[in-house]
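Just below is one structure, and these are the notes that go with it.
The structure presented is a predicted model; accordingly, all values stated were derived computationally and were not measured. Proteins come first, then strands; the chains are lettered A, B, ... in the order of their sequence lines, and each starts at number 1.
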Amino acid sequence: MAAAPKRPPLPVILLANDLLDGDVVFARAEDAGALSWTRDPALALVAAEEPDAVRLEGFAAAEIAAQHVVDAYLVDVAIGADGPVPRHFRERFKTLGPSNRPDLGKQAGEGIAARRSA
Amino acid sequence: MYRYDEFDERFVRDRVAQFSDQVARRLDGSLTEDEFKPLRLKNGVYLQLHAYMLRIAVPYGTLSSKQMRQLALIGERFDRGYGHFTTRQNLQFNWPKLRDVPEILGLLADVEMHCIQTSGNCIRNVTADHFAGVAQDEIEDPRPVCELIRQWSTAHPEFSYLPRKFKIAATGAQHDRAVTKAHDIGLRIVRHPDSGEIGYEISVGGGLGRTPMIGKVVRDFLPKPDLLAYLEAIMRVYNQEGRRDNKYKARVKILVHEIGTEEFRSRVEAEFATLDGPSVNADPEELARIEAYFAPPAYETLPRESAALAAARASNPAFDRWAGTNLTPHRADGYSAVTISLKPIGLAPGDATSEQMRVIADLAERYSFDELRVTHAQNIVLPHVRQDDLHAIWEALVPAGLATANSGLITDIIACPGLDYCALATARSIPIAQAIQQRFEDAERQTEIGELNIKISGCINACGHHHVGHIGILGLEKRGIESYQITLGGDATENAAVGEILGPGLPAEEVPGAIEAIVGVYEAERNDGERFIETVKRVGLSPFKAAFKELSHAAD
C-alpha cells in the first residue's frame, strides 16, 4: 500500500492503524527528533512545510514495509487549543471514536493516558 | 438445528489453522498487506475506522443458546462487551485485535461457527425468513435448502472468484420477510398451481447499493430436485458474462439489466440444459438428512389461546403493549414467536451487550427449545414460546433493557454502523436513528402511527436497506458536512419497490422534523386502518413532496 498519491493541503499529520491491534496511531517526533508512533492525537507531529510532509510520507512507507502499521496516510488539520484537529469530519472521528459511544475510543482516553505521561 | 458432521468440523478447524498461519506470516513479513488483505477478508476480518472488525456468519439467522453464549464470551473477552447484529443476520464485533482473531475463530469453531463467506467476491452467507418453520403463512421451512446451498457454495472452486459478491435469500412463506427481491438470487418456495408439487420461484438481479434493482423472476416454478443445477447454471452465466472491468457494474443485477431478463433467462436455461443434472443436484438422501435437523420441535398440545396470557395482558398495560407489538402468531396452537427488540430508544440499532446476549440465550434455552433467530431488521426472535410463558419472558426482558415494545413501528429503525465505525461510510447513521427514536419516543404516538419502516444507510452501498424503507435515509457528504437524502415509498416485501427521493438533502438536525412532516401528511391523508405504505401508494408522492418543500423553505 503506497502513501496517498495526492498530498492534502498543509499543515498535515500522519495517521495509520496499528497492524496488530488495529487502533489508530499518529506519527510523532521523539525528543531526539526520530519519528515514532503515538496513540494520542494531541502529540501528533504537525508538518507545516513541504519537506516535513515528505518526511512523514517516507516514514509511512518504511513503517508499512516493516509490518508495523497499515492504511497510513496524511490528513490535513487545523491547529486547535489541544493540538491538531483534522479538517474533515471522517478523520476527526478517527481521532475520537464512535460519536454514539463517548465511553469508547480515544475520546475515552483508550491507549492514550498511559503513554502521554510516559 | 443443523449439526456439523465430521467433514464440516474438519473443514472449519482446518480453516482456523490456515488463518493462524497466515496471521503469523503477515506479522513476520512473509505476507504484505496486499497479499494478506484478501486472506483476512475470506475470514471475515475487515479494517474499519478505529479498529479491525470481525463479521461472524449466522447461517440463515439461526443460533442456539450455546452459540449465543459463546458470542457473549467473545464480546467480553476480546471486544468491548457488545456486538452488532447486521441486516444480513450476521454479528459484527467492532474492536477485535488481529493478534486475537485466530483464538476467536477457534472459539467459534468450538460451537460450530465461523466467519467464512462473510466477505469477498463469493456466494455469501445465505439469509432466510426469520420466522422460518414458525410462520402460519409458510408452505415449507426454507432453512434446509439454505443449508444445502451453504454446503454447495462453501469454497465452491468455480465460484470463489466471482466478478463481485453474491447474496442469496430464501423464504417459504407467502409474505416476504427476507427481502428476497433485493438479493442477487431470491428463492421463494411455492406450490405448483396445477399439481400441488412444491418447488421454487427464482428471482435474479435484485440488489440495493448504488444501482438499486428489484429482482426479476426467471423461473416461475423450478422442481425441487433441480435446484443446485439451476443455481449452478445462473452462477456460470454470471461468472462468465458478468462485468469485471468496473466493480460498480459487476453485480449480476447489471448483467440482467444490460442484456434483459429474457436474454438472461434463455442463457441460463441453455446452460441448465447442458449441465449433467444428476451429477450436480443433491442426492435426495442428503437433502433428507439435512431436513431431519429442521424437524419441528416437540410442541405440547395446547389450547389455541392461552388464558394466562389474556389475564396477564388485562392486568398489565405495559405487558399488554409489548404483547400487542412484539408477538407473531405461531403455527402451533398455544405458541407465539417473540421479537426481542434491539431498538431501545436512544441506543444503536442492532447492538446487544454480552450480558443481554446471555439473558437471551437463557430465555431461549428455558422457553424456546434452545433456538434463536437473528432478523434482517436487527432484532432477535425466540421462535417457539408457549403463550403461558410470555409474561415470565417479558419480566426477564424488562430489567435487561430488552422489552422495548416497538417491533415494526417507527422507532424499530434499521441502521448500518455508518461513519461511527465504518471505513466506507460517508456520513453517520446511528445518531440519526437515535434522534428519530427520541422524537417519536411516546409509545401511544408510535401505536397511533402504526407500521412504518425507517431504514438508514451511511453511504451509497445501502447496508441499511434505505431504498426499500417506507422512509429511507441516505447519509452523504455535501460540501464538507453530513447531508441526508430522504426517500419515500420503498417496500421490502413481496411488493418490493425502491423509494423515490423527496427533495434536496438535509443536515442531520433537520431530519427528525422532516420525518415528522412526512408522518403528518400520512395522518392527514390516511383512510381508516390504512398502513403508512398503503397511503403512500394510494395518494402518491405529491402531498409528501409539498410538505417536504415547505420544510426546506422554512429552513432557508
Side-chain angles (χ1 to χ4, degrees), chain A residues 1-5 8-9 15-26 37-41 60-73 75-78 85-112, chain B residues 23 25-37 40 45-54 79-82 84 94-101 346-349 351 415 417-435 458-459 477 480-482 508:
Chain A
M1 197 181 302
L15 57 71
N17 290 82
D18 183 82
L19 172 65
L20 262 178
D21 290 345
D23 58 344
V24 182
V25 291
F26 307 88
W37 296 105
T38 173
R39 258 78 182 168
D40 186 348
E63 287 293 286
I64 286 169
Q67 334 298 341
H68 293 152
V69 297
V70 289
D71 204 21
Y73 57 94
V75 165
D76 56 320
V77 292
V85 178
R87 290 180 189 280
H88 195 281
F89 57 89
R90 180 186 191 273
E91 311 307 334
R92 273 204 297 279
F93 289 128
K94 283 188 89 158
T95 68
L96 295 169
S99 70
N100 66 311
R101 291 293 302 262
D103 57 321
L104 296 176
K106 297 185 181 297
Q107 60 202 344
E110 282 183 11
I112 292 175
Chain B
V23 171
R25 286 189 287 144
R26 174 72 185 97
L27 299 182
D28 74 16
S30 313
L31 292 173
T32 65
E33 184 62 16
D34 286 347
E35 290 164 333
F36 179 67
K37 189 176 172 185
R40 70 165 158 78
V45 184
Y46 289 72
L47 182 64
Q48 299 277 54
L49 286 184
H50 316 296
Y52 289 102
M53 178 270 277
L54 185 66
D79 210 83
R80 304 293 164 88
Y82 71 102
H84 175 75
N94 292 309
W95 306 90
K97 297 180 189 314
L98 182 60
R99 64 174 97 221
D100 294 331
V101 172
L347 294 177
D351 278 10
L419 196 53
D420 283 305
Y421 294 95
C422 178
L424 299 175
T426 44
R428 285 174 293 171
S429 304
I430 295 168
I432 301 299
Q434 292 171 313
C459 81
E477 176 184 349
I481 63 159
E482 294 161 289

Under 3.5 Å side-chain donor-acceptor pair for B:Trp95 and B:Tyr82: yes

Decide whether B:Asp28 and B:Ser30 meet the rule of one side-chain donor and one side-chain acceptor closer than 3.5 Å. yes

Side chain, backbone, both or neither: which part of [X] has an atom under 4.5 Å from a heavy atom of chain A?
X: B:Leu49; result: both
X: B:Tyr421; result: side chain
X: B:Arg428; result: side chain
X: B:Leu47; result: side chain
X: B:Tyr46; result: neither
X: B:Gln48; result: backbone
X: B:Pro417; result: neither
X: B:Leu31; result: backbone

Contacting moiety of [X], where chain B heavy atoms sit under 4.5 Å:
X: A:Arg87; answer: neither
X: A:Asn17; answer: side chain
X: A:Asp103; answer: neither

A:Ser99 and A:Phe93: which non-hydrogen atoms are nearest, and at how many Å? CB-CE2, 3.9 Å

Nearest heavy atoms of B:Ala51 and B:Asn94, plus distance in Å: CB-O, 3.6 Å

Just so I understand: if I count every heavy-atom pair under 4.5 Å between each of B:Ala423, B:Ala348, B:Gly346, B:Ala427 and chain A, which residue has the most? B:Ala423

What I'd like to find out is whether the side chain of [X] reaches to under 4.5 Å of the side chain of [Y], using heavy atoms alone.
X: A:Leu19; Y: B:Arg26; answer: yes
X: A:Pro98; Y: A:Gln107; answer: yes
X: B:His50; Y: A:Glu110; answer: no

When heavy-atom pairs shorter than 4.5 Å are enumerated against chain B, which of A:Leu104, A:Asp18, A:Thr95, A:Leu96 gives the highest number? A:Leu104

Looking at A:Gly105, A:Ala65, A:Gly97, which one has more heavy-atom pairs under 4.5 Å with chain B than the rest? A:Gly97

Sorted by chain and residue number, the salt bridge (charged side-chain N to carboxylate O under 4.0 Å, His left out) partners of B:Asp79 (sequence neighbours excluded) come out as none

Test side-chain contact (heavy atoms from CB on, under 4.5 Å) on B:Leu419 and B:Glu477 and set out the steps. CA-CA 11 Å; B:Leu419 196 53; B:Glu477 176 184 349; over 6 Å; no

